[in-house]
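Reminder, nothing fancy here: chain letters follow the sequence lines and each chain counts from 1.
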2 protein chains.
Amino acid sequence: MQSPTTRPGRTGQPPRLSRDAIVVAAQRVLDEEGAERLSMRRLARELSSTPMALYRHVLDKDELLMLLLDANIQRIDPSVRPEHPRDRLVSGVGALCDVLEGCPWGVEVAASDKFVSAALMRIVEAVVEALADCGVPPSDVVYAYRVIWAYLVGERVARGGSEPSEGRRRGLEAVIDGLLGQGADRIL
Amino acid sequence: MQSPTTRPGRTGQPPRLSRDAIVVAAQRVLDEEGAERLSMRRLARELSSTPMALYRHVLDKDELLMLLLDANIQRIDPSVRPEHPRDRLVSGVGALCDVLEGCPWGVEVAASDKFVSAALMRIVEAVVEALADCGVPPSDVVYAYRVIWAYLVGERVARGGSEPSEGRRRGLEAVIDGLLGQGADRIL
DNA sequence: ACCTGAACACCGTTCAAGT
DNA sequence: ACCTGAACACCGTTCAAGT
């Protein structure tokens, strides 16, 4: 059994950086200096490395941002899962909104499908499932999801860095109820 | 009577640039090369001038973007004004959404209140008035406006440069009806 | 009064070289 | 295999100087 760091038949320097280390450092820069300061150059400095060293572990800045978004979505507590599907919608979308609070670029990352976040896909699936459970007909589920996503994105983008706003949850409920009201068979 | 270009008691070069000329050139760059190419340097090149010449006529890039947004909002046809307040909401917000299609930065410009667009203010007032006419209680008008604005922004931001989407209007109607349904006294 | 040119402090990324 | 340093093609903006 060989240690993976000293495999024979492999030459060259052992890696000093890793995807994980880069994502962790990026989170640190994000927390301490904000998203607008998170550049490849700043990140390299944080790791006492050079900008180009990062490109051995990450395809480009977009992939890095996706990885960081993914890591933040993974932190959503999956044990919070209300019984009623409408509440599941509200809590799931609310959790996603909280994540986007700290990852403003997530909106663009999700819009361009250059890279996809597996963790985000899981949330999307849960929301879509909850919509179906609310009685939204299958032909309208994608449409309904898009409207909800638009509200979520807009709520985040529209108020730049203000307080989370008391009306956010109420607004989300208005959007959801508006959508559920469009189908004839309103559960609720 | 003096020509304004040759007033006595005034020295120095006559201006070759003007706010208007800059905004017009900016619109040309926007149309021909897209918003992401609209930089102070690119704009100076378009005007056969230098980046710093622009700063004699415009405070900074943010003000320029506000002026360009304002000019685009002014182009909204004010004669389109449906009788029913709910239709006025849908058409007003829809028109604004069309403008933001071509001025993606408008979202940020509006969010930061560093500069304000008078034309945007007029639209906001019209929407607020229509909300009141729909029976939204005064205490909720601002909240309702915010939810609509969030949907509008999100709809724009979420799909980057895709087709305008058949479901946009329907989504907007769902949001509006959800809001109107939250008050007890639904007109419609 | 208006414009220019050089400079500052940044970006993401490519390319060629070093160990 | 992994990392470095210089370079390219950009940003917005300040500052000092030119006419």
Rounded to whole angstroms, how far apart are [atom1] on [X] and [atom2] on [N]?
{"X": "A:Leu59", "N": "C:dT13", "atom1": "CG", "atom2": "P", "value": "10 Å"}
{"X": "A:Arg41", "N": "D:dC10", "atom1": "CZ", "atom2": "P", "value": "15 Å"}
{"X": "B:Met40", "N": "C:dC8", "atom1": "CE", "atom2": "P", "value": "21 Å"}

Reckon [X] has a side-chain N or O less than 4.0 Å from the OP1 or OP2 of [N]?
{"X": "A:His57", "N": "D:dC2", "value": "no"}
{"X": "B:Thr50", "N": "C:dC3", "value": "no"}
{"X": "B:Tyr55", "N": "D:dT13", "value": "yes"}
{"X": "B:Ser39", "N": "D:dC10", "value": "no"}

>> What residues from residues 15-32 of chain B pass a heavy-atom cutoff of under 4.0 Å to DNA chain C?
In response: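 The stretch gives B:Pro15, B:Arg16, B:Leu17 as the residues lying under 4.0 Å from the strand, ordered by number.
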> Does any residue of residues 102-115 of chain B have a heavy atom under 4.0 Å from DNA chain D, and if so, which ones, in number order?
Replying inline: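 Correct list: empty, so none.
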> Want to settle it: does A:Arg37 or A:Asp60 sit nearer the 5' end of DNA chain C, counting the closest nucleotide to each?
Replying inline: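 Its nucleotide being nearer the 5' end, the pick is A:Arg37.
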> Of A:Arg56 and B:Leu38, whose closest DNA chain D nucleotide lies nearer the 5' terminus?
Replying inline: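 The residue closer to the strand's 5' end, by nearest nucleotide, is A:Arg56.
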>> Can you give me the dot-bracket string for DNA chain D, 5' to 3', counting Watson-Crick and G-U wobble pairs with both distances under 3.5 Å, using [ ] for crossing pairs and | for partners on another strand?
In response: ||.|||||...|||||.||
